[in-house]
Amino acid sequence: MLDLVGNKAIFFMSKYLLFFKNSISEAIVYRSHFFMLLVSQIISVFVFVFLWKAIYAEGNQIGGYSLNDLIVYYILSALLSFVIQGIDVAWRVGDEIRLGNITNFILRPVSHFWSTFWIIAGKAFLNLIVVGIIIIPVFFFYPEFFSGDINAIRLAGFIFSIIGALVIFMEFFYLIGLATFWMGDAKGFNFFVRMIMFFLAGNMIPLDLLPKTLSNINNFLPFKFMAWFPIAIWSGKIKIEAEIFFPVLLWILILGIFIKYIYKKGLEKYEGFGA
Amino acid sequence: MKDLARKLKKYITIFILFKKINFSERIAYRFGFFLMSSAVFVQLFFNLFFIEIIFSWTKNIYGWSHYEVLLIVGTTLLLDGLMWTSCAFVHILGQHIKMGTLDFLLTKPVDTQFLVSIFRGDLEDIIRVATGLGVVIFSLTHLGNLGWEFILNIFWYLLLIANGFIIIYSIAIMLSAIKFWTIDSGGFHVADTIIRAAQYPTDIFSGKMMHFIFSFIFPLAFIATVPAKVLSRGFDGKLVAESFLVAGIFFLISRKIWKFGLSKYSSASS
């Protein structure tokens with residue numbers, strides 16, 4: 001019995017590992033897209049750093065942030081943006097539904113969600129390796145980046161929160177992509193939500209600098225776990241305790257249940273155009 | 001001369017025709033169009049909100065007051081909107097190079113760069129143009145130096161934003177032409193990030209070296225900062241001359257790179 005379960009698990013993993021591997025090979029083929037995305041993130045950090053430098057030069061103090069804190073914030077925000085948010089999950093899912101490719105998944109013994117999940121994980125993994133390489137010069141030129149109180153527990157919390165960010169991001173935009181079943185084309189909807197996400201995840205400005213009412217509303221949304229939460233853990237804004245991860249797990253669970261339900265409902269609507 | 005006039009008329013007619021088609025195509029899926037417009041609106045809202053948050057912490061950014069910065073932001077939005085409504089195709093050229101669908105445009109008896117540039121225009125981005133214009137007018141009413149001289153400033157401003165448009169366009173063309181070698185879709189992010197970076201006064205990049213880089217190598221300054229400076233603080237001959245020079249050189253270089261890239265194009269479809 002146990003043996004059988006073990007075999008099943010190995011089969012499950014090896015099946016999806018292929019998606020993971022293929023996704024990496026695909027990303028390597030289209031290197032320039034990857035490189036362009038990286039360049040735009042670097043420009044973006046550069047601009048934000050100079051902007052805040054100019055504001056601090058006037059003798060201002062922004063919230064509880066020193067200039068160094070903000071620089072670290074924007075570097076991490078750009079890196080997260082590159083590793084995770086640069087991947088357009090909803091676009092991919094939407095096109096598969098719109099163009100009828102999802103029929104392949106209905107006919108074969110693979111789950112559409114899990115294959116998409118491992119494809120995205122493959123891309124994020126490759127992005128992470130590139131970030132790892134970039135961080136090395138940061139270590140030499142900007143050692144302050146690591147000046148916070150970083151210990152093993154904080155690092156573990158940071159890694160866990162990044163995995164959480166990826167899963168929540170992936171689940172959330174998978175759901176947005178599923179809207180294609182009803183809308184026919186959910187690109188506008190996707191763009192709309194991405195714009196909101198970009199701000200409310202904290203990519204543009206640390207969330208604790210936002211007006212109180214907006215942060216209160218934001219506390220009921222999953223966006224802040226896509227960028228702000230991991231950054232706050234790295235920079236020590238949040239004390240590491242087991243409780244802080246409960247909302248992450250809760251969101252993963254809630255979105256997972258939603259996906260199961262909405263995917264089922266969507267397939268009932270699906271007409272398989274182009275297939 | 002007569003030939004030139006006829007050619008110009010032909011190109012203007014083609015431009016208007018394409019925009020008519022683009023816009024009716026865009027509006028055909030009403031709900032999609034509504035969502036796209038809402039998305040643009042949300043993006044603009046958060047963008048302006050960000051500026052407001054910044055100015056809740058500071059009164060000035062390198063000598064630029066709140067309303068002067070808004071003037072730069074408005075100018076950038078205006079140019080960004082114009083770019084997307086008139087030349088959106090430049091941003092997605094990579095997809096067509098990859099799929100080989102560019103052939104369709106290459107076989108027409110019109111200048112290829114022109115046709116490629118105007119092939120697509122996104123109607124929803126008119127919201128950017130309108131908001132940009134609104135923000136410019138709003139900040140002008142708060143800057144309050146309206147006089148005779150001001151009308152002349154508007155004249156210079158219009159010329160300078162035309163240069164700003166040429167610079168944005170040239171950068172977008174150069175970045176797109178790279179796709180002839182890399183054969184890759186997507187990646188308009190760089191052009192997009194550059195335009196977004198132009199909405200802050202380029203004086204924030206302090207230091208002589210930085211000033212040179214952001215004026216002549218990476219000419220963010222001439223996209224929105226310089227036009228806003230001339231409009232709010234008056235005519236500056238040196239800046240105006242430099243703006244024309246940079247726009248002209250960038251356009252010529254981009255055209256050269258485009259033509260060179262095009263010669264490397266190998267269709268993928270046929």
Side-chain angles (χ1 to χ4, degrees), chain A residues 29-63 65 78 81-82 86 88 91 179 182-200 203-206 209-211 214, chain B residues 29 31-47 49-50 52-64 69 94 98 124 175 178-179 181-194 196-207 210 214 218 220:
Chain A
V29 171
Y30 296 114
R31 284 179 298 265
S32 81
H33 175 64
F34 190 72
F35 180 72
M36 289 271 206
L37 202 65
L38 192 65
V39 169
S40 70
Q41 288 305 335
I42 292 171
I43 298 174
S44 169
V45 173
F46 193 79
V47 172
F48 274 125
V49 167
F50 273 89
L51 178 69
W52 287 104
K53 247 181 144 169
I55 293 166
Y56 273 84
E58 306 271 335
N60 301 295
Q61 172 71 30
I62 283 95
Y65 286 84
S81 212
F82 174 70
D88 206 335
W91 187 291
W182 289 270
M183 289 178 170
D185 190 353
K187 286 200 179 88
F189 183 49
N190 176 30
F191 184 44
F192 177 76
V193 179
R194 273 184 89 88
M195 288 302 127
I196 295 177
M197 179 272 290
F198 190 70
F199 195 84
L200 293 185
N203 287 88
M204 241 173 145
I205 196 163
L209 296 182
L210 291 184
L214 193 62
Chain B
Y29 301 100
F31 190 58
F33 176 72
F34 168 73
L35 281 171
M36 269 295 186
S37 311
S38 314
V40 171
F41 187 76
V42 168
Q43 191 188 24
L44 293 178
F45 173 78
F46 281 130
N47 197 354
F49 188 54
F50 176 66
E52 291 313 297
I53 291 178
I54 287 180
F55 276 97
S56 70
W57 297 104
T58 186
K59 286 212 156 29
N60 282 297
I61 298 178
Y62 263 107
W64 288 80
V69 170
K98 189 175 159 192
E124 69 271 15
L175 288 169
I178 295 175
K179 307 284 166 58
W181 286 274
T182 60
I183 322 277
D184 193 354
S185 63
F188 63 86
H189 311 86
V190 179
D192 208 43
T193 313
I194 290 173
R196 224 172 301 143
Q199 68 175 334
Y200 309 111
T202 42
D203 299 342
I204 60 171
F205 306 109
S206 51
M210 285 286 178
F214 286 98
F218 216 49
L220 285 190

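Lettering follows sequence order; numbering is per chain, from 1. Quantities reported herein were computed from a predicted structural model and do not represent experimental measurements.
- Take B:E52 and apply the side chain to side chain donor-acceptor pair (under 3.5 Å) test, not counting sequence neighbours, and it matches B:H66.
- Here the side chains of A:F192 and B:V40 are not in contact, with every heavy-atom distance at 4.5 Å or above.
- Not counting sequence neighbours, the partners of B:S206 by the side chain to side chain donor-acceptor pair (under 3.5 Å) test are B:Y62.
- Nearest heavy atom pair, residue A:F50 against residue B:I204, reads CD2-O, 3.4 Å.
- Residue A:E58 holds its CD atom at 5.0 Å from OG1 of B:T58, rounded to the nearest 0.5 Å.
- Aromatic ring pairs are classed by plane angle as parallel below 30°, tilted from 30° to 60° and perpendicular above 60°; the pair A:F48 and B:F50 is perpendicular.
- The shortest side-chain heavy-atom distance between A:R194 and B:Q43 does not fall under the 4.5 Å cut-off.
- A 4.5 Å side-chain heavy-atom check between A:D185 and B:F31 finds every atom pair outside the cut-off.
- Residues A:I196 and B:F46 form a side-chain contact, since some pair of their non-hydrogen atoms from C-beta on lies under 4.5 Å apart.
- In this structure, B:R196 and A:V47 have side chains that are not in contact, with every pair of non-hydrogen atoms separated by 4.5 Å or more.
- Counting heavy atoms from C-beta on, the side chains of B:T193 and A:Q41 never come closer than 4.5 Å.
- Residue B:F45: no heavy atom, backbone or side chain, is found under 4.5 Å from chain A.
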